[in-house]
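In what follows, every heavy atom counts, from backbone to side chain, and hydrogens, waters and symmetry copies are set aside.
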Amino acid sequence: HSRAPLSSMSSFHGTCVIRRYSVHRCWIRCFCTASAALEQATTYMASRADSLVPAIKKSLRAWSRTPEHLSISKNMPQSVMTELVSSITHTQQTHVGTLSEPLHPGTLSQHASSMQGPLYSVALARMPASQAIAFRSVIPGAPRIAVGRWPEQKETWHADPTARTKHLDETGHWAPLWGRQNVERRIPVELETFARNPSDIHAFLLFSDAFPQGLLEGLDSHFPHTSLLGTVAAYTPFETGREHTLFYGTSTQGVYEKGAVGIAFRSSARLERTLGGLVPIGPRLAITGAQGNIISSLDHHNATQQLIRLITGQQKARGEAVQDPQAVRAMASHVRKDDDVFLGVYAHPEEDMPLTIAHIQSGHPMRGTLCIDADIELGGPQKYAQVYRNGHERSVADPFLPASIRYIVASGNETATALQKAKTPLTRMDNDLASLEHTFLVASDKGWFGRASTSFSSPAHTYAIPHTSASLAHSLT
């Protein structure tokens, strides 16, 4: 063969380069499309539970692999629940999930749905194995309250009584150990290899029993900048004979009632929070005395008397606290026992979203102490408090984030508001059945706990109030 002229060779090589580039670009586009196809999520809702079975089975046949994440409403009839769990967990694919609270009947009110009565729901999701790590935790949380004279039946009897003193010998400091349930900073074994490079994990999704404190402390220690969303699983003693029902494993045998199960996401996921139905009372006050979840002083004044003044429409207290017992009783008599009052805790006086918001459990007007229903250390760096009561004030929310899939946890009738904010379209399959594509929706009467991804270290906090929701906005891109 004769050698081609130089000009022809240049033209030939130029064509090859262009073709190779086009193939490369096509491969990238195909890879992204395939990755998106491997990520799926759907929440099915029905007014008749048996309508869900054929719809779920049809979807499972269409999916190339069994879903790894599942949530089934606990109001499902036993026969339907058994068939659904068996259908979803029949393969060797690891699955993670829970039985959840039933969806509020008004969940579909924004979609002009004609479905009436209680709703039955199933949420399914799956991801590429390279992007999701399933794990189970048996790390104990706060000790359960147990009474009686048999100490061996109490969880604290089996705990290592020297754990804190061992760490005190190593560090010489009590502060990091005070109130801790996980002084060893343990995390689930599935996550240990990622603790060396925590930036590989972008978010956590958790389902837990009522005592997640130990696990959260471990995750706070090793993954302090990672987004987190979790909820306490529904109580199911009458449905399954277990306190909670958590799924983890590769068969129907992987059912647990204690500990926690979850997913660690290796692709982009950010937390969105929404707090609604709360009316602020009075100004935001500096927390000037606190330890654990107990506040003794607000703006350098008796905390409970400050609260009473705000609830009764007075100005915040100035000068000395009221010390006369009769005057204190008269002051406290204006507060109704059934008046639900909440306290938001803020890191900055002008911040929109609180670190946590919780029900005020009790107060002592003479001593001044207020106790809030939250696992939080209110001492340390300066924090600020805002008192709220139930109402219809405008919601406070994080900015909307685009996502390929949303994992949503909502309390009470906030499910409708959460779907409205997420702009989730409803697909009517028939008169008794509907689905929400690209959505994994879980209802909870225990609120949720979470942490937004930040540049600074921040612990996960609980948001256990009537009108709140949160979502992990997840995307593979």
Side-chain angles (χ1 to χ4, degrees), residues 38-44 56 59-60 63 65-74 81 84-101 121-139 187-194 201-209 212 215-216 218-219 223 226-234 236 240 242-267 269 405-409 439-444 448-450 460 470-472 474 476:
L38 288 174
E39 182 189 31
Q40 291 177 298
T42 306
T43 298
Y44 299 89
I56 297 297
S59 294
L60 293 177
W63 290 16
R65 293 184 300 133
T66 301
E68 293 95 345
H69 323 153
L70 66 138
S71 173
I72 302 174
S73 61
K74 72 173 187 178
M81 184 180 296
L84 286 172
V85 172
S86 177
S87 300
I88 296 169
T89 63
H90 73 284
T91 69
Q92 294 302 306
Q93 188 71 35
T94 300
H95 52 267
V96 171
T98 185
L99 291 189
S100 59
E101 293 293 336
S121 65
V122 178
L124 303 176
R126 65 167 187 167
M127 291 181 63
S130 60
Q131 301 298 322
I133 298 93
F135 61 88
R136 176 172 179 255
S137 169
V138 293
I139 301 169
I187 55 176
V189 294
E190 298 90 344
L191 301 177
E192 289 177 351
T193 56
F194 298 96
I201 302 298
H202 291 260
F204 294 105
L205 178 68
L206 305 176
F207 305 114
S208 173
D209 63 14
L215 172 60
L216 294 180
L219 296 179
F223 303 92
T226 303
S227 297
L228 184 150
L229 174 61
T231 186
V232 172
T236 57
T240 65
R242 298 177 175 87
E243 187 173 3
H244 306 276
T245 303
L246 303 169
F247 301 106
Y248 179 82
T250 57
S251 70
T252 54
Q253 303 301 313
V255 182
Y256 304 90
E257 68 173 340
K258 293 185 179 181
V261 298
I263 296 288
F265 297 95
R266 300 190 67 184
S267 46
I405 285 181
R406 289 186 184 278
Y407 295 83
I408 301 174
V409 177
T439 303
F440 187 95
L441 177 62
V442 179
S444 171
W448 52 272
F449 46 87
S471 67
L472 274 179
H474 179 262
L476 283 177

| request: Name all residues meeting the ring-ring contact (aromatic ring centres under 6.0 Å, His included) criterion together with Phe204; count only those two or more places apart in sequence or in a different chain, and write none if there are none. | output: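 Counting only residues at least two positions away or on another chain, Phe204 forms a ring-ring contact (aromatic ring centres under 6.0 Å, His included) with Phe223.
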| query | How would you list, by chain and number, every residue that makes a ring-ring contact (aromatic ring centres under 6.0 Å, His included) with Phe440, sequence neighbours excluded? | reply |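 Tyr407.
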Any chance you could measure [X], atom [atom1], to [Y], atom [atom2], to the nearest 0.5 Å?
| X | Y | atom1 | atom2 | value |
| --- | --- | --- | --- | --- |
| Thr245 | Ile72 | OG1 | CD1 | 10.0 Å |
| Ile201 | Ile133 | CD1 | CD1 | 4.0 Å |
| Arg126 | Ile405 | CZ | CD1 | 9.5 Å |
| Lys258 | Ser137 | NZ | OG | 13.5 Å |
| Lys74 | Thr98 | NZ | OG1 | 10.5 Å |
| Ile263 | Leu229 | CD1 | CG | 13.0 Å |

Taking the side chain as everything from C-beta on, heavy atoms only, tell me whether [X] gets closer than 4.5 Å to [Y].
| X | Y | answer |
| --- | --- | --- |
| Thr226 | Leu219 | no |
| His69 | Met127 | yes |
| Val96 | Phe135 | no |

| field | side-chain contact (heavy atoms from CB on, under 4.5 Å) evaluation trace for Leu70 with Val122 | value | CA-CA 7 Å; Leu70 66 138; Val122 178; 5.8 Å; no
| message | Can you confirm whether the side chains of Arg266 and Gln131 place a donor and an acceptor under 3.5 Å from each other? | response |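 Short answer, no.
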Partners of [X] by side chain to side chain donor-acceptor pair (under 3.5 Å), sequence neighbours excluded?
| X | answer |
| --- | --- |
| Tyr44 | Ser59 |
| Thr439 | none |
| Thr42 | Glu437 |
| Ser71 | Ser100 |

| query | With no hydrogens and no angle check, is any side-chain donor or acceptor of Thr236 less than 3.5 Å from a backbone partner on Arg242? | reply |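 Such a contact is found between Thr236 side chain and Arg242 backbone.
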| query | If only atom types and distance count, is the side chain of Glu257 paired as donor or acceptor with the main-chain N or O of Glu243 below 3.5 Å? | reply |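 Looks like yes, one N/O pair under 3.5 Å.
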Closest non-hydrogen atom pair, [X] against [Y]:
| X | Y | result |
| --- | --- | --- |
| Leu215 | Ile139 | N-CG2, 4.0 Å |
| Val85 | Thr89 | O-OG1, 2.6 Å |
| Ala233 | Leu99 | CB-O, 4.3 Å |
| Ala234 | Glu101 | CB-OE2, 3.4 Å |
| Ala460 | Leu228 | CB-CD2, 4.3 Å |
| Ser208 | Leu246 | N-CD2, 4.3 Å |

| field | Audit row: His474, Ser267, side-chain hydrogen bond (donor to acceptor under 3.5 Å, both in side chains) steps and yes/no | value | CA-CA 8 Å; His474 179 262; Ser267 46; 2.8 Å; yes
| request: Please find out if less than 6.0 Å separates the ring center of Tyr248 from that of His95. | output: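 So the answer is no for these two rings.
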| message | As a test of understanding, state which of Ile408, Val409, Val232, Leu206 forms a side chain to side chain contact (heavy atoms under 4.5 Å, CB included) with Trp448. | response |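 Answer after filtering Ile408, Val409, Val232, Leu206: Val409.
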